[in-house]
Undergrad: 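Input: one structure, supplied below.
Within every chain, numbering begins at 1; the chains are lettered A, B, ... in the order of the sequence lines, protein sequences first and strands thereafter. All heavy atoms count here, side chains included; hydrogens, waters and symmetry mates do not.
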Amino acid sequence: MLQINFIKQNADLVKERLAVKHFGQIGLVDELLQMDEELRKQRLASENLQASVNSASKEICALMAKGEKEAAEEKKAAVTAWKEEQSGIKISLQALEDDFTAKILQLPNLPHTSVPRGKTPEDNEVVLEGGSIPTLFADAKPHWEIIKDYDLVDFETGAKLAGSGFALFKGKGAKLQRALIQYFLDYNTAAGYTEYAPPLMVNEATAYGTGQLPDKEGQMYHVTEDKLYLIPTAEVPVTNVYANSIIRESDLPIKMTAYSSCFRREAGSFGSDVRGLNRLHQFEKVEVIQLVKASHSYQTLEEMVNHVERLLQFLELPYRILRLCGGDMSFTSALTYDFEVFSAAQQKWLEVSSVSNFETFQTNRMKIRYKNEEGKTELVHSLNGSSLALPRIIAALLENNQSENGIHVPKALQRYFGAALIER
RNA sequence: GGAGACGUGUCCGAGUGGUUGAAGGAGCACGCCUGGAAAGUGUGUAUAUGGGAAACUGUAUCGCGAGUUCGAAUCUCGCCGUCUCCGCCA
């Protein structure tokens with residue numbers, strides 16, 4: 001959520017930045033400023049009346065102590081009149097506040113100045129490419145066939161148990177996934193991230209904190225009976241760990257990592273995009289999250305990008321890094337780098353990580369602050385990234401590393417997987 | 001799921017209708033004391049938001065929300081959480 005004071009002081013900048021995100025209702029900015037004026041007026045009126053009530057109450061107390069009952073009764077009548085006047089103001093103030101909140105929540109985060117101006121995924125900027133795209137042998141297959149040949153994942157049974165889009169990992173497939181999770185977590189904790197194992201369901205307030213609510217509830221599984229949401233990413237519970245708190249400056253930066261299952265309804269997704277492991281309702285992911293001082297956040301973003309990049313290098317996968325354009329970025333992000341790996345048999349780039357700086361957009365909602373040198377409390381910046389999303393990594397590994405005698409396991413992973421080759 | 005107890009500041013803990021943003025203690029910060037430290041001692045020590053150059057000051061906050069009252073940490077209702085006992089259970 002943007003801060004109204006910032007909007008007030010930078011209205012033109014806000015409008016210009018929103019345009020980069022192709023936000024359709026830039027008129028909202030002026031509307032919010034007007035509403036804020038009115039809100040202030042009404043709040044002041046209400047508070048002034050309250051001040052009168054409060055001081056009169058104290059006087060009543062003093063009068064009662066002196067035994068001046070009549071004078072006290074007179075005061076009471078005056079207070080009652082003020083309160084009546086105030087209750088009228090409060091009703092319209094409440095309506096105005098609700099309206100204001102609903103509207104300011106519609107404003108997406110402002111994109112960083114480095115964000116490309118484009119609108120569609122084609123406008124994303126390729127920052128760099130790494131690794132080498134393998135030359136596959138003639139019989140090379142897409143991962144959904146490899147999976148069958150090697151009996152690694154059983155989609156039919158997954159569909160029988162839950163529905164389409166739910167995978168049943170099996171045997172070496174299950175072990176490969178487990179090995180990757182273990183490897184990613186070890187890699188992250190070695191870099192100073194503290195490991196968390198969060199709840200996989202969260203309440204409304206938590207989903208609101210990271211920006212899933214309101215508006216995006218359709219993307220989450222909702223357990224209505226208990227008012228809980230299945231997490232679409234560990235970002236949601238883990239970033240909220242520090243919700244409503246003031247962090248000691250010496251504790252910053254806070255670096256957290258978590259492995260979790262992620263649940264996404266993916267309503268409306270279809271076509272070749274959802275083949276095999278490309279898009280699932282439930283998938284496994286290891287996430288890294290940082291809470292840092294505002295002055296450090298872009299440096300931290302670069303750090304996190306490097307962190308994820310090295311992991312892909314260890315996995316020996318061909319990858320590229322994209323700087324997302326304004327139109328393709330998420331609502332909450334100020335700058336996002338996507339990581340894609342090339343899945344050779346599909347001849348397709350698959351997104352396996354998305355590393356973003358949210359600046360204060362999430363922390364303003366969650367009220368995550370720290371005390372700066374001057375003793376003033378300031379919102380921290382939140383960042384997160386995947387390191388990494390499992391199914392697509394597995395898809396790319398299977399496709400890129402296939403050979404006539406089996407699937408090569410990257411060196412870094414061998415001690416976790418326990419073998420150098422996945423054989424039939 | 002049933003019964004009961006509880007939820008106060010960084011922490012412990014007082015407070016059951018009236019100048020209580022909240023006693024007391026611990027912790028922490030700064031100072032005094034000391035050769036240095038401990039002990040002792042003095043002062044300070046919540047957050048948000050409005051006004052003000054500042055000093056200062058209005059408002060809100062004692063789990064959350066609503067209500068009663070001139071006035072609520074204190075009374076009432078709802079919700080959330082913690083603990084104990086019972087039930088169930090990996």
Undergrad: Mark yes or no for whether T300(A), through its side chain, and H296(A), through its backbone, hold a donor-acceptor pair below 3.5 Å.
TA: yes
Undergrad: I'd like the C1' distance from U47(B) over to A37(B), given in whole Å.
TA: 36 Å
Undergrad: Please name the nucleotide paired to A5(B) by Watson-Crick or G-U wobble geometry with both distances under 3.5 Å, or report none.
TA: U82(B)
Undergrad: Think Q50(A) has a side-chain N or O under 4.0 angstrom from the OP1 or OP2 of A60(B)?
TA: yes
Undergrad: Have Q362(A) and T239(A) got a donor and an acceptor in their side chains that come within less than 3.5 Å?
TA: no
Undergrad: Between A62(A) and N54(A), which has a closest nucleotide on RNA chain B that is more 5'?
TA: A62(A)
Undergrad: Suppose you measure atom P in C62(B) against the same atom in A23(B); what distance do you get, rounded to whole Å?
TA: 15 Å
Undergrad: Without hydrogens or angle criteria, can the side chains of Y259(A) and Q182(A) be said to hold a donor-acceptor pair below 3.5 Å?
TA: no
Undergrad: Using atom NZ of K227(A) as one end and atom P of C80(B) as the other, report the distance to the nearest whole Å.
TA: 7 Å
Undergrad: Between G21(B) and U45(B), how far is it from one C1' atom to the other, in whole Å?
TA: 13 Å
Undergrad: What nucleic acid atoms does A56(A) come within less than 4.0 Å of, heavy atoms only: base, sugar-phosphate, or nothing?
TA: nothing
Undergrad: When the C1' atoms of A38(B) and C32(B) are considered, how many whole Å apart are they?
TA: 16 Å
Undergrad: Please name the nucleotide paired to G35(B) by Watson-Crick or G-U wobble geometry with both distances under 3.5 Å, or report none.
TA: none
Undergrad: Distance check, P atoms only: G7(B) and C12(B), in whole angstrom units.
TA: 12 Å
Undergrad: Hunt down the Watson-Crick or G-U wobble partner of C56(B), both distances under 3.5 Å, from any strand shown, or write none.
TA: G51(B)
Undergrad: Without decimals, in angstroms, what is the distance between I247(A) CD1 and A46(B) P?
TA: 20 Å
Undergrad: Pairing check on G27(B): which nucleotide meets the Watson-Crick or G-U wobble criteria with it, both distances under 3.5 Å?
TA: U45(B)
Undergrad: With both distances kept under 3.5 Å, what pairs with C70(B), Watson-Crick or G-U wobble?
TA: G18(B)
Undergrad: Roughly how many Å is it from NZ in K90(A) to P in G65(B), rounded to a whole number?
TA: 13 Å
Undergrad: When the P atoms of G15(B) and G27(B) are compared, how many Å lie between them, rounded to an integer?
TA: 23 Å
Undergrad: Once you round it to whole Å, what is the distance between P of G18(B) and NZ of K76(A)?
TA: 14 Å
Undergrad: For the residue pair E195(A) and T189(A), confirm or rule out a side-chain donor-acceptor distance under 3.5 Å.
TA: no
Undergrad: For L49(A) and G50(B), what is the distance between atoms CG and C1' respectively, to the nearest whole Å?
TA: 15 Å
Undergrad: Looking only at atom C1', what distance separates G63(B) and A5(B), rounded to whole Å?
TA: 16 Å
Undergrad: Once you round it to whole Å, what is the distance between P of C70(B) and NZ of K58(A)?
TA: 18 Å
Undergrad: For R369(A), report the nucleic acid contact type (base, sugar-phosphate, nothing); a contact means any heavy atom under 4.0 Å.
TA: sugar-phosphate
Undergrad: Quantified in whole Å, what is the C1' atom distance between nucleotide U20(B) and nucleotide G9(B)?
TA: 13 Å
Undergrad: Measure from the side-chain heavy atoms of I60(A) and tell me the nearest of G71(B), C70(B), U59(B).
TA: C70(B)
Undergrad: Mind checking who C89(B) pairs with, Watson-Crick or G-U wobble, both distances under 3.5 Å?
TA: none
Undergrad: Which residue is it: L213(A), L230(A), V236(A), L228(A)? I am looking for the one with a side-chain contact (heavy atoms from CB on, under 4.5 Å) to M220(A).
TA: L213(A)
Undergrad: How close or far is atom C1' of U49(B) from atom CG of L93(A), stated in whole angstroms?
TA: 13 Å
Undergrad: Less than 6.0 angstrom from the centroid, inside 45 degrees of the normal: does K216(A) satisfy that with respect to the ring of F331(A)?
TA: yes
Undergrad: Suppose we call a contact any N or O donor and acceptor under 3.5 Å apart; does that hold for the side chain of E47(A) and the base of G50(B)?
TA: no
Undergrad: Counting heavy atoms from C-beta on, name the nucleotide in G71(B), C70(B), G58(B) closest to the side chain of A51(A).
TA: G58(B)
Undergrad: Would you mind reading off the distance between E249(A) atom CD and C28(B) atom C1', rounded to a whole angstrom?
TA: 16 Å
Undergrad: Using purine N1 to pyrimidine N3 plus N6-O4 or O6-N4 for Watson-Crick, or N1-O2 and O6-N3 for G-U wobble, both under 3.5 Å, which nucleotide pairs with G65(B)?
TA: C77(B)
Undergrad: Quick one: on RNA chain B, does S55(A) or I246(A) contact a more 5' nucleotide (nearest heavy atom)?
TA: I246(A)
Undergrad: Below the 4.0 Å mark, does G50(B) have OP1 or OP2 next to a side-chain nitrogen or oxygen of R40(A)?
TA: yes
Undergrad: With a distance cut-off below 6.0 Å to the six-membered ring centre and an angular limit of 45° from the axis, does R264(A) pair with F283(A) as a cation-pi contact?
TA: no
